[in-house]
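Computed over heavy atoms, backbone and side chain alike; hydrogens, waters and symmetry mates excluded. Lettering follows sequence order; numbering is per chain, from 1.
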Protein chains: 2
Amino acid sequence: MGRTPVDGQPVRFNAFTASCPSRRLLDTIGDKWVSLVIVALGLEGRMRYSELSARIAGVSQKMLTQTLRGLERDGLLTRTVTPSVPVRVDYELTPLGRSLLDTIRHLKDWAEAHMSEVDDARAMYDRKHQ
Amino acid sequence: MGRTPVDGQPVRFNAFTASCPSRRLLDTIGDKWVSLVIVALGLEGRMRYSELSARIAGVSQKMLTQTLRGLERDGLLTRTVTPSVPVRVDYELTPLGRSLLDTIRHLKDWAEAHMSEVDDARAMYDRKHQ
DNA sequence: CTGTATCCAAGTGGATACTG
DNA sequence: CAGTATCCACTTGGATACAG
């Protein structure tokens, strides 16, 4: 999200720099299912695949698995396989995942406090522009 | 992001409910260019279209205009046209936009503090899984 | 139960050309 | 200068079928 200039050159924001941590975080939590998974695990502590699937309305198997794999890879949750028959798999937030949950709660707070103002602004804009 | 149950039924997260403020906020700031525009305007206060275009690397005219229109519609910034020749257009955050900037800064703080841990987790995951 | 693999429709966004 | 309009390549994600 823009690097601090060290050479006196003007700052130029660059969404493409792989080194931009903010961009990467936004790409992660901007994903449709990521925050839902994190919030669900934050509330329940530990959940099975089937519980997550039931809890998150509309998610397909493909997207739930893909989301969980990505979050596991990022160190935000752990995946525990119990080799019973049938197999049981549990997911749980890591400390890193729980700290991200706090950040997501800030977003949630802003959203719940201010999205109605956004709605009002939209209604007014749409009225003005037909 | 899940509604509080009022009838004793289990909570079910639903990313589709238009009424979910968190989902809508995430959709907004998850957009590739939105946060870059907001942060740029937060830093500079007021900027012309051409200044934004120069400041944000890689943005196309189409996407910059589209992003600015969306943010104007949401009441997050104002658009001021000065009918000179050639025309001059300035963009500036509204108070609502500045309050969102604060929230974005929280994200930025988490990202700068923890994305290196995510990198480490990814490296370890990729090593384990070939 | 917990996935994996494949197909494909819809959405996203860059490039290019043109305009008040 | 500050856009608008159009085309199209690429990505995203749901549906479906299959598997350990």
Side-chain angles (χ1 to χ4, degrees), chain A residues 13-18 23-24 26-37 40-41 44 46-73 77-92 125 129-130, chain B residues 13-16 18 23-24 26-37 40-41 44 46-73 77-92 125 128-130:
Chain A
F13 294 110
N14 192 339
F16 297 115
T17 357
R23 175 73 266 142
R24 293 170 54 212
L26 250 6
D27 283 344
T28 299
I29 66 175
D31 182 276
K32 189 170 184 175
W33 306 110
V34 163
S35 53
L36 292 174
V37 167
L41 290 177
E44 298 296 322
R46 164 180 282 241
M47 296 176 82
R48 301 184 60 169
Y49 181 91
S50 50
E51 292 173 329
L52 282 165
S53 180
R55 184 68 169 268
I56 300 174
V59 70
S60 63
Q61 279 193 331
K62 176 186 171 183
M63 291 317 297
L64 182 54
T65 300
Q66 187 173 303
T67 301
L68 290 167
R69 285 292 176 284
L71 293 175
E72 185 195 3
R73 178 169 181 254
L77 55 76
T78 57
R79 177 175 181 268
T80 311
V81 181
T82 307
S84 52
V85 181
V87 66
R88 174 196 177 108
V89 182
D90 287 282
Y91 294 92
E92 189 171 14
Y125 182 95
H129 301 75
Q130 275 78 335
Chain B
F13 295 110
N14 193 339
F16 298 115
R23 175 72 268 143
R24 293 170 54 213
L26 249 7
D27 284 343
T28 299
I29 66 174
D31 181 277
K32 189 170 184 177
W33 306 111
V34 162
S35 53
L36 292 173
V37 167
L41 290 177
E44 298 295 322
R46 164 181 282 243
M47 297 177 81
R48 301 183 60 170
Y49 181 91
S50 50
E51 291 174 329
L52 282 164
S53 180
R55 184 67 170 269
I56 300 174
V59 69
S60 64
Q61 278 193 332
K62 176 186 171 184
M63 291 316 297
L64 181 55
T65 300
Q66 188 173 302
T67 301
L68 289 168
R69 285 291 176 284
L71 293 176
E72 185 195 3
R73 178 170 182 254
L77 55 75
T78 58
R79 176 174 182 269
T80 310
V81 181
T82 306
S84 52
V85 182
V87 66
R88 173 194 177 108
V89 181
D90 287 283
Y91 294 92
E92 188 171 15
Y125 183 95
K128 278 186 189 167
H129 301 76
Q130 276 78 335

* Does the pair B/L77 and B/V37 meet the rule for a side chain to side chain contact (heavy atoms under 4.5 Å, CB included), with working shown? -> CA-CA 10 Å; B/L77 55 75; B/V37 167; 4.2 Å; yes
* Structure fact -> Its contact letters, B for base, S for sugar-phosphate only and - for none at protein heavy atoms under 4.0 Å, make nucleotides 15-20 of chain C read B-B--B
The side chain of [X] lies closest to which of these nucleotides: [options]?
X	options	result
A/S50	D/dA2, D/dG14, C/dT2	C/dT2
A/W33	C/dT4, C/dT2, D/dG14	D/dG14
B/K32	C/dG14, D/dG3, C/dG3	C/dG14

Phosphate OP1/OP2 of [N]: any [X] side-chain N/O under 4.0 Å:
X	N	value
A/R48	C/dT2	yes
B/Y49	D/dT4	no
A/R69	C/dG3	yes

[atom1] of [X] versus [atom2] of [N]: gap in Å, rounded?
X	N	atom1	atom2	value
A/M63	C/dT4	CE	P	13 Å
A/H129	D/dT4	NE2	P	10 Å
B/Q66	D/dG3	CD	P	13 Å
B/D31	C/dG11	CG	P	16 Å
B/D27	D/dG13	CG	P	11 Å
B/L64	D/dA2	CG	P	10 Å

* **Verdict with reasoning, A/R73 to B/H129, per side chain to side chain contact (heavy atoms under 4.5 Å, CB included)** => CA-CA 10 Å; A/R73 178 169 181 254; B/H129 301 76; over 6 Å; no
* Could you tell me which non-hydrogen atom of B/V59 sits nearest to which non-hydrogen atom of B/L64, and how far apart they are? => CG2-N, 3.7 Å
* **Residues in salt bridge (charged side-chain N to carboxylate O under 4.0 Å, His left out) contact with A/R69, at least two apart in sequence or another chain** => none
* Do the side chain of B/S53 and the main chain of B/Y49 share a donor and acceptor less than 3.5 angstrom apart? -> no
